[in-house]
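For reference, the structure is listed below as structure tokens.
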Amino acid sequence: MHNIRSYADPLQKYIAIMSLQERNERLFYKVLIDHVEELLPVVYTPTVGEACQKYGAIFQQPHGLYISLKERGKVLDCLKNWPEKFVQVIVVTDGERILGLGDLGCQGMGIPVGKLALYTALGGIRASACLPITIDVGTNNETLLKDPFYIGLRQHRTTGKEYDDLLHEFMCAVKQTYGEKVLIQFEDFANHNAFKLLAKYQKTHLVFNDDIQGTAVVALGGLLAALKVTGGTLADHTFLFLGAGEAGTGIGEMIALEISEQTGCSLEDARKKIWLVDSKGLVVKSRRETLQHFKQNFAHEHEGCKDLLSAVKAIKPTILIGTSGVGKTFTQEVIETFASYNEKPVIFALSNPTSQSECTAEQAYTWSKGRAIFASGSPFDPVTYEGRTFVPGQGNNAYIFPGIGHGVLVSGAIRMHDDMLLAAARSLAAQVEQEHLDQGLNYPPFQNIRKISANIAVAVAEKAYELGLATRLPKPANLLSYAESCMYSPAYRQYR
Ligand SMILES: NC(=O)C1=CN([C@@H]2O[C@H](COP(=O)(O)OP(=O)(O)OC[C@H]3O[C@@H](n4cnc5c(N)ncnc54)[C@H](OP(=O)(O)O)[C@@H]3O)[C@@H](O)[C@H]2O)C=CC1
Ligand SMILES: CC(=O)C(=O)O
Ligand SMILES: [Mg+2]
């Protein structure tokens, strides 16, 4: 920590800690677990975003497994080259939508590597059982294609059948190599592939899309906790999203599912509470024919609004969520207008990294005159407004995927089910205590993340047993102590 703290530049800290991961894995995890709040912004958002942008230039050692178009027909052999034979979790990207930074091609590898470091540090999955993979199908990022340090294929992205065939070969090879129970987490695919891959493989593989499902769970958990302050139920609220992609529609569907479970209303009716704004304005019925399929469920009868401000005025939401990937879009006028209708305005600016956050914590608290319940995807420091200090929550799927993954492995679940995701969200919300809410926090502090993950794992595993999806039989008598006993801990052994 002395060495890492000696660097002022976050990217230098990143380089230092990733080289520690290479040099002494156990020490890396010991340091990361013991200083999680300080180091999460280094190994994860926002610094991992900058690291991916400069990945070629700062490259020292390869991490993870690259599978490129050139390996078509040989993907099985590629996987066999990975030295570990017992793999339980794979995080895979094709680098096309890295955080809110766009197409970073092969340099997106920083994301699977970072996510899996969190699987181990926060969720206790053994590092040797974690496999980061980047599928290199080219990049449409012209700057990278011209960059002498770019580490990937120098060609534009392949699409269509060639892309689908490579991904299919990969999915089949994974199952053949590691079996039915390996968890495959799709990460930072562009939405035109993300929804398709999830729909295609969720019936045959144990798959989880972190950007659609993980984000949905963390947002729902944070909202359920926020209700303890705003009062009322989820169904009493009106939700407006800026951003109608993976994160926005994923959260929208999860909220609708929870409302439907709580009230018994149909999903269709529950979705009527949820409104989306995309780059063309409010998503409304008259646009339906030209909308991507994932937006269509939220295209309600209403006049069009060309931008967020006019949508806020027209819809009068009680909860405002940013999932656009575009920074500074919650302007002073937007927040002041939104706050003028709400005593306790709930503002989630979920886009990453910090540069893409829809607003800062300071802006949210100041422009709402200290009334906002605020959370962001990337961390912000506490803010003091008129003598009161607010601690912003970090609404990031890092709260969720390590616990869900652990729950799946503990129960031996062979498929992911929406009810397991709802159970994770409720568990997260239940771990937010009054003392956290009093500070403005609608998430439990990251400091306790291993306990939080263990509790989420139990909720997920319980649901898997209930649904008949668990294969670890008989069910352990005490799931919590079993889940905790299975968590990797970077302890040094005694040598004689
Ligand atoms: N906090 C967390 O845990 C997570 C955060 N995220 C963040 O969410 C962001 C979005 O990710 P994702 O949903 O996967 O991305 P997508 O590309 O799937 O969706 C982005 C959406 O934002 C819309 N959009 C883009 N620019 C504007 C604009 N200027 N005004 C209004 N809408 C706009 C797009 O509109 P159109 O459809 O018209 O193109 C699209 O609907 C990223 O920054 C990502 O880092 C993602 C996952 C987890
Ligand atoms: C957190 C995350 O998964 C994202 O921003 O894409
Ligand atoms: Mg992601």
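When a ligand or atom number is given, it counts from 1 through the structure's own listing order.
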Checklist line | Shortest protein contact, atom 23 (C) of ligand 1 (heavy atom only) | finding: Gly243 CA, 3.8 Å
Checklist line | Test of proximity, Ala247 against ligand 1: N or O pairs below 3.5 Å | finding: yes
Item checked: Gly377 neighbourhood, listing ligand 1 atoms whose heavy-atom distance to it stays under 4.0 Å -> 1 (N)
Does ligand 2 have any N/O atom under 3.5 Å from a protein N/O, and what are those pairs and their distances?
from     : atom 1 : to     : atom 2 : distance (Å)
ligand 2 : 3 (O)  : Lys115 : NZ     : 3.0
ligand 2 : 3 (O)  : Glu187 : OE2    : 3.0
ligand 2 : 3 (O)  : Asp211 : OD1    : 3.1
ligand 2 : 3 (O)  : Asn397 : ND2    : 3.1
ligand 2 : 5 (O)  : Asn352 : ND2    : 2.8
ligand 2 : 6 (O)  : Arg97  : NH1    : 3.0
ligand 2 : 6 (O)  : Asp188 : OD1    : 2.9
ligand 2 : 6 (O)  : Asp211 : OD1    : 3.0

Next item on the list: Taking the six-membered ring for Trp and the single ring otherwise, decide whether the centroids of Phe374 and Phe390 are under 6.0 Å apart.
Entry: no
Check: Looking only at N/O atoms, are Val218 and ligand 1 under 3.5 Å apart anywhere?
Finding: no
Next item on the list: Among all protein heavy atoms, pick out the one at the shortest distance from atom 11 (O) of ligand 1; state its residue, atom name and that distance to 0.1 Å.
Entry: Arg97 NE, 3.5 Å
Notebook entry, point to check: Which heavy atom of the protein is the closest neighbour of atom 16 (P) of ligand 1, given with residue, atom name and distance?
Noted result: Asn191 ND2, 3.5 Å
Note to self: I'd like to check Leu282 versus Leu276 (side-chain heavy atoms, cut-off strictly below 4.5 Å). Are they in contact?
What the structure shows: no
Margin query: Quick test of your reading of the structure: of Ala398, Ser351, Pro353, whose heavy atom lies closest to atom 7 (C) of ligand 1?
Written below: Ser351
Margin query: Quick check on contacts: which atoms of ligand 1 are under 4.0 angstrom from a heavy atom of Lys295?
Written below: 36 (P), 37 (O), 38 (O)
Check: Is any side-chain heavy atom of Thr389 closer than 4.5 Å to a side-chain heavy atom of Val383?
Finding: no
Checklist line | Nearest heavy-atom neighbours spanning Met487 and Ala454 | finding: SD-CB, 4.1 Å
Next item on the list: Determine whether Ile90 and Gln185 make a side-chain contact, defined as any pair of heavy atoms from C-beta on separated by less than 4.5 Å.
Entry: no
Next item on the list: May I ask you to check if ligand 1 and Thr215 share an N or O to N or O distance below 3.5 Å?
Entry: no
Item checked: Nearest-contact summary for atom 39 (O) of ligand 1 - protein heavy atom, Å -> Ser279 OG, 3.8 Å
Checklist line | For atom 25 (C) of ligand 1, the protein heavy atom that lies nearest, with its residue and separation | finding: Ser324 O, 3.6 Å
Next item on the list: Verify side-chain contact (heavy atoms from CB on, under 4.5 Å) between Val432 and Leu441, making sure each step is shown before the conclusion.
Entry: CA-CA 8 Å; Val432 182; Leu441 262 176; 5.9 Å; no
Margin query: If you define the side chain from C-beta out and look only at heavy atoms, does anything of Glu253 sit under 4.5 Å from Asn297?
Written below: yes
Next item on the list: Can you pull out the closest protein heavy atom to atom 40 (C) of ligand 1? Residue, atom name and distance to 0.1 Å, please.
Entry: Ala244 N, 3.7 Å
Checklist line | Residues, nucleotides or ligands: over 12 heavy atoms within 6.0 Å of Lys280 NZ | finding: no
Next item on the list: Select one of side chain, backbone, both or neither to describe which atoms of Leu276 lie under 4.0 Å from any atom of ligand 1, heavy atoms only.
Entry: neither
Next item on the list: Answer yes when Asp164 and Lys196 have at least one side-chain N-carboxylate O distance shorter than 4.0 Å, and no when they do not.
Entry: yes
Check: In the protein, what heavy atom is nearest to atom 27 (C) of ligand 1, and what distance, to one decimal place, separates them?
Finding: Val326 CG2, 3.8 Å
Next item on the list: May I ask you to check if ligand 1 and Asp211 share an N or O to N or O distance below 3.5 Å?
Entry: no
Notebook entry, point to check: Around atom CZ of Arg371, are there more than 12 heavy atoms of other residues, nucleotides or ligands at under 6.0 Å?
Noted result: yes
Next item on the list: List the steps, then state whether side chain to side chain donor-acceptor pair (under 3.5 Å) holds for Ser427 with Gln431.
Entry: CA-CA 6 Å; Ser427 165; Gln431 296 181 69; 3.2 Å; yes
Notebook entry, point to check: For atom 5 (C) of ligand 1, which protein heavy atom lies nearest, and how many Å away is it?
Noted result: Leu350 O, 3.1 Å
Margin query: Tell me if the CG atom of Asp381 is crowded by more than 12 foreign heavy atoms within 6.0 Å.
Written below: no
Notebook entry, point to check: If we only count heavy atoms from C-beta on, is the Lys115 to Phe401 side-chain gap below 4.5 Å?
Noted result: yes
Next item on the list: Could you list which atoms of ligand 1 come closer than 4.0 Å to a heavy atom of Gly100?
Entry: 42 (C), 43 (O), 45 (O)
Note to self: Using a strict threshold of under 4.0 Å (side-chain N to carboxylate O), is an ion pair present between Asp188 and Arg97?
What the structure shows: yes
Notebook entry, point to check: With atoms numbered from 1 as shown, which atoms in ligand 1 lie under 4.0 angstrom from a non-hydrogen atom of Asn396?
Noted result: 1 (N), 3 (O)
Item checked: Element-labelled atoms of ligand 1 that are located less than 4.0 Å from some non-hydrogen atom of Thr323 -> 10 (C), 20 (C), 21 (C), 22 (O)
Note to self: Check this for me - ligand 1, Glu246, N or O atoms closer than 3.5 angstrom, yes or no?
What the structure shows: yes
Notebook entry, point to check: Got Glu142 and His156 here, is their nearest side-chain heavy-atom distance under 4.5 Å?
Noted result: yes
Next item on the list: Describe, in one word, how the ring planes of Phe189 and Phe186 are oriented to each other, choosing from parallel (under 30°), tilted (30 to 60°) and perpendicular (over 60°).
Entry: perpendicular
Notebook entry, point to check: Looking at Tyr399 versus Phe446, is the centre-to-centre ring distance below 6.0 Å?
Noted result: yes
Item checked: Neighbouring protein N, O or S atoms of the Mg ion (ligand 3) [cut-off: under 2.8 Å, no waters] -> Glu187 OE2, Asp188 OD1, Asp211 OD1
Notebook entry, point to check: Does Lys285 pair with Glu303 as a salt bridge, N-O distance under 4.0 Å?
Noted result: no
Item checked: Greater than 12 external heavy atoms within 6.0 Å of Gln447's CD -> no
